[in-house]
> 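Please read through the structure below; I'll follow up with questions.
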2 protein chains.
Amino acid sequence: MANRRIRPERAYEPKDIDALDLRLLTELQADARLSLAELGRRVALSAPAVADRVQRLEESGVITGYHAEVDPRALGFPVTVMVRVRPAVRELQRISKLAQEVPQIVECYRMTGEDCFYFTMHLRAVDELEPILDLFTPYGQTTTSLIHTAPVPRRPLPLD
Amino acid sequence: MANRRIRPERAYEPKDIDALDLRLLTELQADARLSLAELGRRVALSAPAVADRVQRLEESGVITGYHAEVDPRALGFPVTVMVRVRPAVRELQRISKLAQEVPQIVECYRMTGEDCFYFTMHLRAVDELEPILDLFTPYGQTTTSLIHTAPVPRRPLPLD
DNA sequence: AATGAAAGTCGTCGGTT
DNA sequence: AACCGACGACTTTCATT
């Protein structure tokens, strides 16, 4: 067998993030459209100082993006589905690739356990479900759940 | 048994969203900090017109927020865990409540199937896992997976 | 429903502490 | 690392179409 060296992702390095950075991150997680001036008022810093810090957080990869959150139902996607996949042997890559190619899938993760993939998708109707699942069944066993409610809707990381 | 009337959430109503709105939503999903002026340039509309439309999308609940996305690992949460819960009888409410109360949990959903809750959390170390799972085990059976990678990192709803 | 113009606010840059 | 001041850009409001 080939000598496969495993290269772990760079281990966790606590970039030097201070309490002020955490406050800025908390504010921006709650409202990404706050002006730099308003952020400055909230943390008692001038706008240029805030701009510097935010730019540093972006460039160091702490902030990875700013996104409007939309309600899929309001946009004609009333059905949200979570699918777990237990892959057949040697089909891991194919499942990753398929997930990337199906636009209705808004996230897919690889994890430990038998069902080592899961993905979430938003559909215009339940009719859309079967043809999508049929894309995956050749390469693994799927378990599908319709999402009803969100006891905890997506919320920010607590940074206190 | 009491007469329990089930009130469904208001059925999906296609709010009048036109192609221009969808373009604005696509832009704001990709970059929530775009200025109204820049949005206007991209969709060939004046800044006040964009401001009107965006405000309408916010007030009608299509846009539910603007959030900075952060990398949990860069902030000292190198462990991401997905937990499914198969509740014991009559313990559904208690599980919802617990999920709300554990700050490391960043989302929790109720769904169809035997494991009818799932939640995701970010931890500073695997040591944190056991005490959190122990909060839930009195009320249901948990299945835990460590998340490795994201074949599809969170991405916007396709609105074409 | 969108535009153009005006007033106030904001982002950015250079220089300073 | 943060502040200040200045200029250009942006946001917001209002009158107009």
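This one's a predicted model, so the numbers in the text were calculated from it and none came from an experiment.
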> Would you please name every residue forming a salt bridge (Lys or Arg N to Asp or Glu O under 4.0 Å) with B:Glu101, sequence neighbours left out?
B:Lys97

> Nearest whole Å is fine: how far is D:dA1 C1' from A:Arg56 CZ?
10 Å

> Do the side chain of B:Ser145 and the main chain of A:Thr112 share a donor and acceptor less than 3.5 angstrom apart?
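Checked: pair present.
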
> Please list, by residue number, the residues of residues 32-43 of chain B whose heavy atoms come closer than 4.0 Å to an atom of DNA chain D; answer none if no residue qualifies.
B:Ser35, B:Leu36, B:Ala37, B:Arg41

> I'd like to check the salt bridge (Lys or Arg N to Asp or Glu O under 4.0 Å) partners of A:Glu38; sequence neighbours left out, ordered by chain and number.
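A:Glu38 satisfies salt bridge (Lys or Arg N to Asp or Glu O under 4.0 Å) with A:Arg41, A:Arg42 once adjacent residues are dropped.
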
> Keeping to residues at least two apart or across chains, list the salt bridge (charged side-chain N to carboxylate O under 4.0 Å, His left out) pairs with something in residues 135-148 of chain A.
none

> To the nearest angstrom, how far is B:Gln55 atom CD from D:dT12 atom P?
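Rounded to whole Å, this separation is 9 Å.
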
> Any pair with a residue in residues 125-149 of chain B that passes salt bridge (charged side-chain N to carboxylate O under 4.0 Å, His left out), sequence neighbours left out, goes on the list, sorted by first then second residue, please.
none

> Does anyone know the first and last nucleotide of DNA chain C in reach of chain A, 5' to 3', at under 4.0 angstrom to a heavy atom?
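Going 5' to 3' along DNA chain C, contacts run C:dC10 to C:dC13.
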
> A:Tyr118: which residues meet the ring-ring contact (aromatic ring centres under 6.0 Å, His included) condition with it, sequence neighbours left out?
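With neighbours one apart ignored, the set is A:Tyr109, B:Tyr118.
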
> Got a sec, which residues hit salt bridge (Lys or Arg N to Asp or Glu O under 4.0 Å) with B:Asp31, two or more places apart in sequence or on another chain?
none

> Under the side chain to side chain donor-acceptor pair (under 3.5 Å) test, which residues partner B:Tyr139, sequence neighbours left out?
none

> List in chain and number order the residues that pass side chain to side chain donor-acceptor pair (under 3.5 Å) with B:Asp21, two or more places apart in sequence or in another chain; answer none if no residue qualifies.
B:Arg53, B:Arg56

> Just how far, in rounded Å, is P of D:dA15 from CG of B:Asp52?
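Distance check: B:Asp52 CG to D:dA15 P gives 15 Å.
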
> For DNA chain D, find the residues of residues 44-51 of chain A with a heavy-atom distance under 4.0 Å and give them by number; none if there aren't any.
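The stretch gives A:Leu45, A:Ser46, A:Pro48, A:Ala49 as the residues lying under 4.0 Å from the strand, ordered by number.
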
> Taking salt bridge (Lys or Arg N to Asp or Glu O under 4.0 Å) as the definition, give me every residue that meets it alongside B:Glu107, ordered by chain and number, with sequence neighbours left out.
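By the salt bridge (Lys or Arg N to Asp or Glu O under 4.0 Å) rule, B:Glu107 matches A:Arg154.
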
